[in-house]
Amino acid sequence: MPIHPNVRYIECLINCFKGDDDLRFKKRPVIAVTGSAGKTTTKEMVASILQRKLRIFKSKGNMNLPRFISRQRKKITSKHKALILEYGMFKKGHIRRSCRLIQPNIGVVTMVGTAHIGNFGGSVKRVAGAKSELIRGMRQTGTLFLNADDRNSRYLTTKGFKGRIYKVAIRNKAKYKASRIRYTNNGMSFNVKLGRKQERFRIPIFGKHNVYNALFAIGISRQLGIPLSTIRKGLITYQKPERRLRIYHLKNKVTLVDDSFSANPQATNAAIDALEQIGKKKRIAVLGDMLELGIYTKKGHRIVGAHAAKKKIHHLLTYGSKSRYTRNAAVRSGLPSSRAKHFTNRGKMHSYLKKIIKRNATILVKGSHKMKMNRTVKFAMNTINKKVLK
């Protein structure tokens with residue numbers, strides 16, 4: 001399908017709209033995003049672009065389970081010319097139910113990882129099976145976007161899907177592939193070959209994993225005929241969700257990275273990668289437990305610990321009952337035990353953190369939502385703003 005140079009495709013969808021309930025979700029773009037990580041960011045990037053041309057409806061925050069989709073369905077009217085929805089799950093059947101409530105004609109599976117893997121017997125294949133509910137439940141002649149670099153996405157079920165499948169990537173072959181990726185002062189920049197020309201894009205958020213999210217947004221927008229100028233403006237003005245790699249530049253040239261909203265092994269490793277790139281001098285990672293991993297708990301935390309040891313982290317602080325596996329794996333992988341500390345008491349962890357914060361430090365705080373690592377973010381902010389650092 002050739003890329004449309006303007007928005008005639010969208011205009012056609014709008015003109016076809018009839019307003020009755022049977023057609024409410026069929027005659028316009030209905031975009032649903034699922035995946036083990038990157039759902040909210042991808043949804044927000046797509047929305048930031050499309051809202052410059054259309055009146056849109058988007059899922060609020062991360063309210064992505066069927067009960068929320070049911071409530072949102074009642075709020076959608078004929079005035080909304082594009083829908084951007086986030087479909088989440090805690091167990092098998094959740095995404096299928098969401099698709100029955102509102103059937104997408106454009107689907108995205110950002111990646112298949114270990115989020116909530118404990119609810120699937122520790123099996124990534126079972127997670128992929130549940131994510132495949134989007135592929136089976138969306139319009140079978142629609143458009144599907146997948147991640148060509150994600151090994152676990154090979155377990156997704158695409159057999160029988162009759163629509164178009166486009167892939168995004170940084171390493172492997174894909175329709176939308178990023179190259180010349182750079183960390184900038186305020187985010188990331190990268191190239192994407194569109195037609196015969198390399199086009200440059202920027203996003204106001206750090207991390208290569210967020211380049212994938214941007215690629216999904218670019219791909220969807222291009223297939224809908226959105227002009228490049230609109231895509232660029234939408235991406236650069238995208239509003240970052242709270243507590244997801246939010247950067248704070250504090251006194252004493254200290255940088256605080258708040259990624260405390262949620263955590264799983266892939267997302268935590270991605271945040272550590274970002275810390276390595278952002279932090280120019282002293283790098284401190286404060287990691288809370290990653291929950292809902294089930295029988296994958298030990299392995300998942302050990303993977304993160306080994307990764308942290310390889311990424312030039314100067315201090316690793318772990319908190320909770322399970323993240324001791326992260327600390328121990330980091331030490332086994334070469335991080336000196338004197339710089340890797342585990343805590344089960346938040347107050348004691350905060351006292352230790354206060355001692356090691358220095359000028360020019362970069363601090364990453366991450367953990368599952370229930371670990372309330374945002375309390376550590378607030379503590380660090382107050383400490384840094386009050387303390388004269390050397």
Side-chain angles (χ1 to χ4, degrees), residues 3-7 10 29 31 33 35 37-62 81-84 86 106 108 110 145 147 166 168-170 174-195 197-249 255-259 261 267 270-271 273-275 277-278 362:
I3 298 297
H4 297 274
N6 51 43
V7 293
I10 294 179
I31 302 157
V33 183
K39 293 185 295 295
T40 302
T41 299
T42 299
K43 177 201 68 182
E44 293 295 335
M45 286 180 172
V46 173
S48 182
I49 295 167
L50 295 192
Q51 69 186 2
R52 291 179 168 271
K53 290 293 181 182
L54 299 167
R55 182 167 181 174
I56 67 166
F57 179 91
K58 69 173 181 177
S59 299
K60 184 177 180 180
N62 69 325
K81 305 307 181 185
L83 315 180
I84 304 102
E86 181 179 333
I106 298 174
V108 179
T110 58
F145 290 84
N147 187 334
Y166 296 116
V168 307
I170 293 175
K175 174 71 174 178
Y176 299 99
K177 183 174 182 177
S179 61
R180 295 185 61 195
I181 300 170
R182 300 286 184 272
Y183 278 77
T184 68
N185 290 335
N186 300 309
M188 310 291 293
S189 65
F190 56 94
N191 280 7
V192 181
K193 188 176 181 180
L194 299 174
K197 189 176 180 182
Q198 292 285 344
E199 302 288 351
R200 196 73 174 163
F201 296 92
R202 292 186 298 137
I203 54 175
I205 189 170
F206 292 103
K208 279 190 177 182
H209 58 295
N210 284 312
V211 173
Y212 288 103
N213 301 330
L215 287 171
F216 286 121
I218 291 167
I220 290 168
S221 301
R222 289 293 282 171
Q223 292 304 315
L224 292 178
I226 301 295
L228 280 173
S229 59
T230 303
I231 297 174
R232 288 194 176 96
K233 289 176 183 176
L235 287 177
I236 201 62
T237 58
Y238 138 80
Q239 296 297 307
K240 295 171 284 187
E242 293 292 328
R243 297 167 59 190
R244 287 182 172 89
L245 275 182
R246 294 293 291 263
I247 308 296
Y248 297 96
H249 298 289
T255 301
L256 180 62
V257 184
D258 179 5
D259 201 25
F261 186 82
D273 290 344
L275 173 62
Q277 294 295 324
I278 299 166
T362 302

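Keep in mind that the numbers below use all heavy atoms, side chains included, and drop hydrogens, waters and symmetry copies. Counting begins at 1 with the first residue of the sequence.
The NZ atom of Lys240 sits 15.5 Å away from the OG1 atom of Thr40 when rounded to the nearest 0.5 Å. Residue Leu228 holds its CG atom at 5.0 Å from CZ of Phe201, rounded to the nearest 0.5 Å. The line from CD1 of Ile84 to CD of Gln51 is 8.0 Å long, rounded to the nearest 0.5 Å. One finds the CG atom of Asn62 at 11.0 Å from the OG1 atom of Thr41 (value rounded to the nearest 0.5 Å). Here the NZ atom belonging to Lys60 is positioned 10.5 Å from the NZ atom belonging to Lys43, to the nearest 0.5 angstrom. Taking CG of Leu50 as the start and CG of Leu224 as the end, the distance is 6.0 Å to the nearest 0.5 Å.
Between Lys58 and Glu44 a salt bridge is recorded (basic side-chain N to carboxylate O distance below 4.0 Å).
Shortest non-hydrogen contact noted between Thr110 and Ala37 is OG1-O, 2.5 Å. Considering all non-hydrogen atoms of both residues, Lys39 and Gly35 come closest at NZ-O, 2.8 Å. Ile49 and Gly234 make their closest contact through CG1-CA, 3.9 Å (heavy atoms, listed as atom of the first residue, atom of the second, distance). Minimum heavy-atom separation, Lys197 to Glu199: CD-OE2, 3.3 Å.
Residues Lys53 and Lys81 form no side-chain contact, since every pair of their non-hydrogen atoms from C-beta on lies 4.5 Å or further apart. In this structure the side chain of Phe145 reaches within 4.5 angstrom of the side chain of Ile220, judged on heavy atoms. The shortest side-chain heavy-atom distance between Asn191 and Lys193 does not fall under the 4.5 Å cut-off. You'll find the side chain of Phe190 stays beyond 4.5 Å of the side chain of Arg182, heavy atoms only. Residues Asp273 and Lys208 form no side-chain contact, since every pair of their non-hydrogen atoms from C-beta on lies 4.5 Å or further apart. With contacts defined as side-chain heavy-atom distances shorter than 4.5 Å, the pair Lys177/Ile170 does not qualify. With a 4.5 Å cut-off on side-chain heavy atoms, Phe206 and Val257 do not count as touching. You'll find the side chain of Tyr176 reaches within 4.5 Å of the side chain of Gln223, heavy atoms only.
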Would you please test Ser48 and Gln239 for side-chain hydrogen bond (donor to acceptor under 3.5 Å, both in side chains) and show each step?
-> CA-CA 8 Å; Ser48 182; Gln239 296 297 307; over 6 Å; no
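Atom CZ of Arg243 has more than 12 neighbouring heavy atoms from other residues, nucleotides or ligands inside a 6.0 Å radius.
Shown are Ile218, Ile205, Thr230, Val46; of these, the side-chain contact (heavy atoms from CB on, under 4.5 Å) with Leu235 is made only by Ile218.
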